[in-house]
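Each chain gets a letter, A, B and so on, in the order the sequences are listed, and its residues count up from 1. For clarity, every value in this text was computed on a predicted model and none was experimentally measured.
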2 protein chains.
Amino acid sequence: MDVIPPQQVVAQAEALCHRRGVRLTAQRRQVLEILSGAGRPLGAYEILGAMRDGSRLLAPPTVYRALDFLLQQGLVHKLESLHAFVGCNHPEHPHFSQFLICADCGQVTELEDAAISQSLASAASESGFRPQRPVVEMIGTCAECAGKAGLDPSDET
Amino acid sequence: MDVIPPQQVVAQAEALCHRRGVRLTAQRRQVLEILSGAGRPLGAYEILGAMRDGSRLLAPPTVYRALDFLLQQGLVHKLESLHAFVGCNHPEHPHFSQFLICADCGQVTELEDAAISQSLASAASESGFRPQRPVVEMIGTCAECAGKAGLDPSDET
DNA sequence: AGAAGGTACGTTATACTGTAGCATTCATGG
DNA sequence: CCATGAATGCTACAGTATAACGTACCTTCT
């Protein structure tokens, strides 16, 4: 669906990092490529498996470090409810995203809904709370899966 | 602050479970008491530690099962970004909650903001998505911590 | 070029979080 | 009392994440 060609994602990331004066190293780029190419959320250890260079398997901190960098730069997002990571669709302009996660097929849709962001931000500031990192995820059933099997949810086991 | 007396919480839970025809067993009640009394999020293993009966330490599935039950009944919430659990402030009427989590002092505030719930629900249904479980958390700095140390964030180490 | 300092990487070990599976006990209704 | 299903106890293990420390590399300044 919204799978953007990894090359394009990487080129964009390259430009962004250069502009910011941070280094998109080979390893970080590789993680970004893997995530962009997957088109679905990947766990850290899945990424790690895809990074194997020849027969050598890298250690967990390697991938977590690359992910930390990409998260900081807004190039990937973490889905807290899945313990998994996805590439960001629009890294150019950092912003608050929301995610629709299908519990059936695993597909994830990234939203960028101003009403959600604003209502959350204003609710926070009403409490004197200073927002830093939002986590907004909705677990449910995507349109396609709802159409296939969800018309009558009364017969679920 | 919003620490409701555990006894009151338990009494309310008792009534609720009775009305629903489910069993609030001693163990489940104990987990609820521990969470309500803590006034802050607790990890599953922290709860487990607090549950020790004499010198005997229980095994992880015990606490996870009790938590599963309490989550189903809406008596506790899980904070996905913390891998931790909190007692629910208003279990009577099941609803969607949001959480403000202070990264500094760890304090958590449960909100019940209709604007957030509605904007999230309508964004989801615009995509044909059928919502089931929302995860809405804001990590940031609470009013108290912002007042103490956050006036000039430029001198952070 | 050479030295200094910081960033990134490799690796080991381990901590933390969560679940599968199976035996046992307990409460409940016939 | 017995049958049934729910709840518990327990072992073992799977999955997620980080601490700590040493090494390589890149940049900058002299």
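- Counting heavy atoms from C-beta on, the side chains of B/Q98 and B/S117 come closer than 4.5 Å.
- Contact check, A/Q27 against C/dC9: a side-chain N or O comes under 4.0 Å of OP1 or OP2.
- Using a 3.5 Å distance cut-off with no hydrogens or angles, the side chains of A/S81 and B/E80 do not pair a donor with an acceptor.
- The distance between atom CG of A/L58 and atom P of C/dC9, rounded to the nearest whole Å, is 11 Å.
- At a threshold of 4.0 angstrom between heavy atoms, the contacts of B/R65 include nucleobase atoms, whether or not backbone atoms are also involved.
- The separation between B/Q72 atom CD and D/dA6 atom P is 12 Å, rounded to whole Å.
- Between the C1' atom of D/dT16 and the CG atom of A/L79 lies a distance of 15 Å, rounded to the nearest Å.
- Two residues, A/F69 and A/L57, neighbour DNA chain C, and the one matched to the more 5' nucleotide by heavy-atom proximity is A/F69.
- One atom, CD of B/Q30, and another, C1' of D/dT8, lie 13 Å apart when rounded to the nearest Å.
- Within 3.5 Å, no donor on the side chain of A/Y64 pairs with an acceptor on the base of D/dA19, nor the reverse.
- Here the C1' atom of nucleotide C/dA15 and the CD atom of B/E46 are 14 Å apart, to the nearest Å.
- Here the side chain of A/A59 is nearest to one of D/dC10, C/dA8, C/dT11, namely C/dT11.
- Rounded to an integer number of Å, the gap from NZ of B/K78 to P of C/dT17 is 10 Å.
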Readout for nucleotides 24-30 of chain C: B = base within 4.0 Å of protein heavy atom, S = sugar-phosphate only, - = neither; 5' to 3' it is ---S---

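- Within the 4.5 Å cutoff, no side-chain heavy atoms of A/V135 are placed close to those of B/F99.
- With A/V76 as reference, A/L70 is the one residue of A/D68, A/L70, A/V86, A/I47 to meet the side-chain contact (heavy atoms from CB on, under 4.5 Å) rule.
- Residue A/P61 has its side chain nearest to D/dT18 when only D/dT18, C/dA8, C/dG10 are considered.
- Regarding B/L48, its CG atom lies at a distance of 11 Å from the P atom of D/dG9, rounded to whole Å.
- Closest to the side chain of B/T25, out of D/dA7, C/dC9, D/dT18, is D/dA7.
- Among the heavy atoms of the strands lying under 4.0 Å from A/T62 is at least one base atom, whether or not backbone atoms are also near.
- Between the NE2 atom of A/H83 and the P atom of D/dT18 there is a distance of 12 Å, given to the nearest Å.
- Between A/Y45 and A/Y64, the ring planes lie perpendicular to each other; the angle is over 60°, past the 30° to 60° tilted range.
- Cluster membership check: A/V136 shares its hydrophobic cluster with B/F129, using side-chain heavy-atom separations under 4.5 Å among Ile, Leu, Val, Met, Phe, Trp and Tyr.
- Side-chain atoms of B/L58 and B/V63, non-hydrogen and from C-beta on, never get closer than 4.5 Å to each other.
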